[in-house]
Novice: 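Below is the structure I would like to discuss, written out as structure tokens.
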Amino acid sequence: MEADDTGNRLRFQLELEFVQCLANPNYLNFLAQRGYFKDKAFVNYLKYLLYWKEPEYAKYLKYPQCLHMLELLQYEHFRKELVNAQCAKFIDEQQILHWQHYSRKRMRLQQALAEQQQQNNTSVK
């Protein structure tokens with residue numbers, strides 16, 4: 001029983017790490033250039049990993065964009081395009097732009113909330 005628990009924990013950790021690696025477009029390009037996406041067993045493994053989209057598993061992910069990449073990897077056309085380094089570079093740039101936009105938007109929302117709280121505190125006095 002204890003060996004099963006250890007094995008399941010190890011499997012969970014390995015699959016968690018691998019799924020999160022899928023958020024890295026350069027890693028996807030590496031896999032594509034080495035032919036992994038042409039291997040039916042590997043493609044089936046990617047399909048199996050879709051269970052990470054379930055909330056009970058997704059809550060462990062630090063890089064949620066990996067789920068979007070995992071979803072896109074279900075499409076043969078996307079897997080074929082990843083051989084091209086320019087495709088990986090484009091995805092990488094888009095992720096950076098998304099993070100920048102998200103960070104700015106979050107900062108503005110936090111500033112607005114802080115200003116509103118300050119106004120509420122001032123009006124209460």
Side-chain angles (χ1 to χ4, degrees):
M1 189 75 146
E2 192 174 306
D4 284 347
D5 287 345
T6 303
N8 287 337
R9 187 175 307 120
L10 179 60
R11 181 178 177 174
F12 175 83
Q13 290 172 341
L14 290 172
E15 289 180 357
L16 172 63
E17 186 173 340
F18 177 72
V19 166
Q20 292 192 106
C21 286
L22 299 178
N24 182 341
N26 296 309
Y27 181 61
L28 298 178
N29 176 251
F30 170 87
L31 293 174
Q33 288 183 348
R34 280 151 186 81
Y36 283 91
F37 296 142
K38 294 177 182 175
D39 180 2
K40 272 193 167 195
F42 190 78
V43 172
N44 286 337
Y45 181 63
L46 292 173
K47 187 173 187 174
Y48 156 77
L49 290 173
L50 287 171
Y51 76 87
W52 281 96
K53 292 176 71 176
E54 298 299 323
E56 66 215 55
Y57 295 100
K59 68 183 178 183
Y60 295 102
L61 298 170
K62 286 186 179 182
Y63 309 104
Q65 66 273 24
C66 67
L67 295 177
H68 184 65
M69 293 298 167
L70 181 59
E71 186 70 38
L72 290 173
L73 286 167
Q74 304 305 310
Y75 298 97
E76 184 179 5
H77 181 73
F78 182 72
R79 294 191 305 266
K80 286 180 179 180
E81 288 297 319
L82 285 169
V83 172
N84 183 351
Q86 285 302 110
C87 177
K89 184 176 187 240
F90 176 76
I91 294 168
D92 193 39
E93 290 169 351
Q94 293 303 304
Q95 283 183 337
I96 290 169
L97 289 171
H98 175 75
W99 290 329
Q100 287 173 340
H101 173 73
Y102 175 78
S103 296
R104 283 190 213 114
K105 184 176 179 182
R106 184 177 172 108
M107 192 179 339
R108 279 184 289 216
L109 288 172
Q110 288 174 336
Q111 284 175 337
L113 182 61
E115 289 171 7
Q116 184 180 16
Q117 287 175 342
Q118 189 175 16
Q119 287 174 354
N120 289 344
N121 291 340
T122 307
S123 65
V124 170
K125 292 180 181 177

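Just so it is clear, the structure is predicted and the values come from calculations on it, not from any experiment. Side-chain atoms are counted along with the backbone in the values below, which use heavy atoms only and exclude waters and symmetry mates.
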Novice: Can you give me the closest heavy-atom contact between Tyr60 and Leu16, atom names plus distance?
Specialist: O-CD1, 3.9 Å
Novice: Nearest heavy-atom pair of Glu81 and Cys87: which atoms, and what distance?
Specialist: O-CB, 3.3 Å
Novice: Of all the heavy-atom pairs spanning Val83 and Asn29, show the shortest one and how long it is.
Specialist: O-ND2, 3.2 Å
Novice: Between NZ of Lys40 and NZ of Lys47, what distance do you get to the nearest 0.5 Å?
Specialist: 11.0 Å
Novice: Hey, would you say the Tyr48 and Tyr51 ring centroids sit under 6.0 Å apart?
Specialist: yes
Novice: Are Leu70 and Tyr75 connected, step by step, through hydrophobic side chains (Ile, Leu, Val, Met, Phe, Trp, Tyr) whose heavy atoms are closer than 4.5 Å?
Specialist: yes
Novice: Is atom CD of Glu17 surrounded by more than 12 heavy atoms (other residues, nucleotides or ligands) closer than 6.0 Å?
Specialist: no
Novice: Do Asp92 and Gln95 touch side chain to side chain, with heavy atoms closer than 4.5 Å?
Specialist: yes
Novice: Taking everything shown except Phe90 itself, do over 12 heavy atoms lie less than 6.0 Å from its CZ?
Specialist: no
Novice: Are Arg79 and Tyr36 close enough that some pair of their side-chain heavy atoms sits under 4.5 Å apart?
Specialist: no
Novice: Between atom CG of Asp4 and atom CZ of Arg9, what is the distance when rounded to the nearest 0.5 Å?
Specialist: 11.5 Å
Novice: What is the minimum heavy-atom distance between Gln20 and Tyr63, and which atoms define it?
Specialist: OE1-N, 3.3 Å
Novice: If every non-hydrogen atom of Ala58 is compared with every non-hydrogen atom of Leu67, which pair is closest and at what distance?
Specialist: CB-CD1, 4.2 Å
Novice: Quick check for you: to the nearest 0.5 Å, what is the distance between Gln65 atom CD and Asn24 atom CG?
Specialist: 9.5 Å
Novice: Kindly check if the number of other-residue, nucleotide or ligand heavy atoms within 6.0 Å of CD (Glu71) is above 12?
Specialist: yes
Novice: I want to check something: taking the side chain as every heavy atom from C-beta on, are Trp52 and Leu22 in contact at a cut-off of under 4.5 Å?
Specialist: no
Novice: With side chains defined as the heavy atoms from C-beta onward, is the minimum distance between Gln33 and Leu82 less than 4.5 Å?
Specialist: no
Novice: Please name the pair of heavy atoms, one in Leu28 and one in Phe37, separated by the smallest distance, quoted to 0.1 Å.
Specialist: O-CE1, 3.4 Å
Novice: With the 4.5 Å side-chain cut-off for hydrophobic clustering, are Leu50 and Val43 part of the same group?
Specialist: no
Novice: Grouping I, L, V, M, F, W and Y whenever their side-chain heavy atoms are under 4.5 Å apart, do Leu31 and Phe78 come out in a common cluster?
Specialist: yes
Novice: Roughly how far apart are Leu73 CG and His68 NE2, rounded to 0.5 Å?
Specialist: 10.0 Å
Novice: Are side-chain heavy atoms of Leu46 and Phe18 found at a separation under 4.5 Å?
Specialist: yes
Novice: Measure up the Tyr45 and Phe42 rings against each other and bin them: parallel (under 30°), tilted (30 to 60°), perpendicular (over 60°).
Specialist: tilted
